[in-house]
Amino acid sequence: MTTRIYLDHAATTPLLPAARDAMADGFARWANPSSPHAEGRGAKAALEAARGQVAAAYGWAGEALFTSGASESLAIALTRSAVERRLASAVEHDAVLRAAYDIALVKVGADGLVDGDALDDAMAGDGRAVVAIQWANSETGVRQPIMALAEQIHAAGHLLLVDAAQMPAGVDRDVARHADFVALSAHKRGGPIGVGALLVRDLATLDPTGGQERGYRPGTENMPAILGYAAALAEPEDVAHYAELRRYLDDAMTSLGGEPVLSGALRHPAIGSYRSPGVAATTQLIRLDMGGIAVSAGSACASGSMKPSHVLTAMGWDQQASQEVVRVSFGRSTTQADLDAFLTVWREIAAGRARAA
């Protein structure tokens with residue numbers, strides 16, 4: 001059987017052995033962390049240790065609330081922050097756009113970056129707002145200038161929510177220094193599916209609900225998953241290696257007639273998006289999958305849709321071009337040999353396009 005090559009780590013990445021071991025320990029600590037007896041206190045101590053580890057991994061000095069994942073974290077910050085309005089960049093993840101019916105979108109430029117003048121205009125209305133800005137786009141990899149945007153948002157008296165689901169631990173301390181809320185996901189960092197965190201600078205900016213998690217998320221904590229998450233973040237990611245792989249793939253795709261999306265922009269080192277003019281992304285995905293290569297078209301939540309990418313549309317792409325883009329994303333196990341295998345299959349797709357023309 002041919003070994004398959006997985007290049008869709010931005011959707012989810014394999015569970016790390018350290019996370020699996022930590023989860024096994026968590027299942028052995030079966031007591032409820034809210035119980036006052038010795039067993040409960042032991043579980044509580046493990047939970048709080050993991051809380052500190054997650055916060056420390058991101059250089060965070062505020063509170064860390066555990067959730068079911070980044071989507072829930074985003075929804076909590078957007079719907080329960082002490083504000084009257086919600087704003088978001090037009091290229092945010094679908095989880096942001098679904099979280100509240102009244103979110104006002106801020107336009108971006110052709111480079112995918114938030115338009116500063118448009119942001120000022122959106123913030124000029126009455127009432128305090130929470131503004132959702134992603135650390136890096138899950139489709140294009142484009143990174144937003146968080147520090148500059150935070151200064152602009154705070155100067156106008158508003159709060160900044162950063163969607164950092166795609167952000168490796170320890171890579172950008174500007175987020176920890178300047179965000180008011182940060183949404184995190186475990187399964188994109190080698191932890192288990194179904195757990196994440198919301199980092200909160202000041203709990204007074206968030207409406208409580210009672211129950212667990214400092215009174216901000218009711219329900220017994222998923223301690224095994226939380227311990228697995230903390231263990232995963234303790235395993236470093238070689239971000240420099242990711243960047244080398246993406247440069248290699250950018251150059252190779254360009255030489256084969258592919259078009260890297262925004263190759264000159266500041267991008268997530270592990271995400272590359274590429275257009276094949278004249279070949280639908282669905283055709284590319286099918287051919288690559290048949291060749292043993294797993295990639296995607298846009299974010300995992302929208303990759304099965306036939307609709308044009310709202311991200312590329314917001315950047316000014318037309319419908320046809322936006323439906324010819326595939327995303328390749330790397331993880332800890334990705335090698336140059338994996339990319340070479342991808343390129344071999346993609347070259348065959350491109351050759352078929354040329355023959356058809």
Quick one: does any side-chain atom of H158 pair with a main-chain N or O of H154 as donor and acceptor, under 3.5 Å? no
Between E63 and R214, does at least one N-O distance fall below 4.0 Å, as a salt bridge requires? yes
For the pair D102 and R85, find out whether any cationic side-chain nitrogen is under 4.0 Å from an anionic carboxylate oxygen. no
Would you mind listing every side-chain hydrogen bond (donor to acceptor under 3.5 Å, both in side chains) that reaches into residues 193-205, with sequence neighbours excluded? none
CG (D318) with more than 12 external heavy atoms under 6.0 Å: yes
In short, P218 meets T209 closest at the heavy-atom pair CD-OG1, 3.1 Å
Pairing donors with acceptors under 3.5 angstrom, does anything connect the side chains of T12 and H187? yes
Minimal heavy-atom distance between G272 and R267, with the atoms involved, is CA-NH1, 4.5 Å
Is the closest side-chain heavy-atom distance between I349 and L288 below 4.5 Å? yes
Under 3.5 Å side-chain donor-acceptor pair for S322 and S309: no
Do NZ/NE/NH1/NH2 and the carboxylate oxygens of E92 and R98 come within less than 4.0 Å? no
Exercise: do W346 and Q284 side chains pair donor with acceptor under 3.5 Å: yes
Give a yes or no answer on whether the side chain of E259 reaches the backbone of T254 with a donor-acceptor pair at less than 3.5 Å. no
Would you mind checking if R275 and E324 are paired as a salt bridge, meaning a charged N to carboxylate O distance below 4.0 Å? yes
Just by distance, with hydrogens left out, do R327 and S273 show a side-chain donor and acceptor under 3.5 Å apart? no
Do S89 and Q134 get their side chains close enough for a donor-acceptor pair, meaning under 3.5 Å? no
Flag side-chain contact, heavy atom, 4.5 Å: Y274 against M253: yes
Assess, by modelled atom type and distance only, whether the side chains of D340 and Y248 contain a donor and an acceptor separated by less than 3.5 Å. yes
Provide the closest heavy-atom pair for A179 versus V182 in the form atom of the first, atom of the second, distance. CB-CG2, 3.7 Å
Does any non-hydrogen side-chain atom of Y6 lie less than 4.5 Å from one of V295? no
Measure from the side-chain N and O atoms of R128 to the backbone N and O of V83, and report whether any donor-acceptor pair falls under 3.5 Å. no
Could you check whether any side-chain N or O of T79 sits under 3.5 Å from a backbone N or O of A75, counting only pairs where one atom can act as donor and the other as acceptor? yes
Does this structure show an ion pair linking E72 with R217, if we count only N-O contacts that are shorter than 4.0 Å? yes
Taking the side chain as every heavy atom from C-beta outward, state whether V142 and L266 have any atom pair closer than 4.5 Å. no
For the pair K188 (side chain) and A165 (backbone), establish whether a donor and an acceptor sit closer than 3.5 Å, ignoring hydrogens and angles. no
Does the side chain of P36 reach to within under 4.5 Å of the side chain of R41, using non-hydrogen atoms? no
When you check the side-chain N and O atoms of H93 and N137, is any donor under 3.5 Å from an acceptor? no
With side chains defined as the heavy atoms from C-beta onward, is the minimum distance between R80 and Y216 less than 4.5 Å? yes
Is the W135 ring parallel, tilted or perpendicular to the H268 ring (thresholds 30°, 60°)? perpendicular
R247/D251 ion pair, N-O < 4.0 Å: no
I271 side chain reached by Y242 side chain, heavy atoms, under 4.5 Å: no
Taking the side chain as every heavy atom from C-beta outward, state whether L119 and L149 have any atom pair closer than 4.5 Å. yes
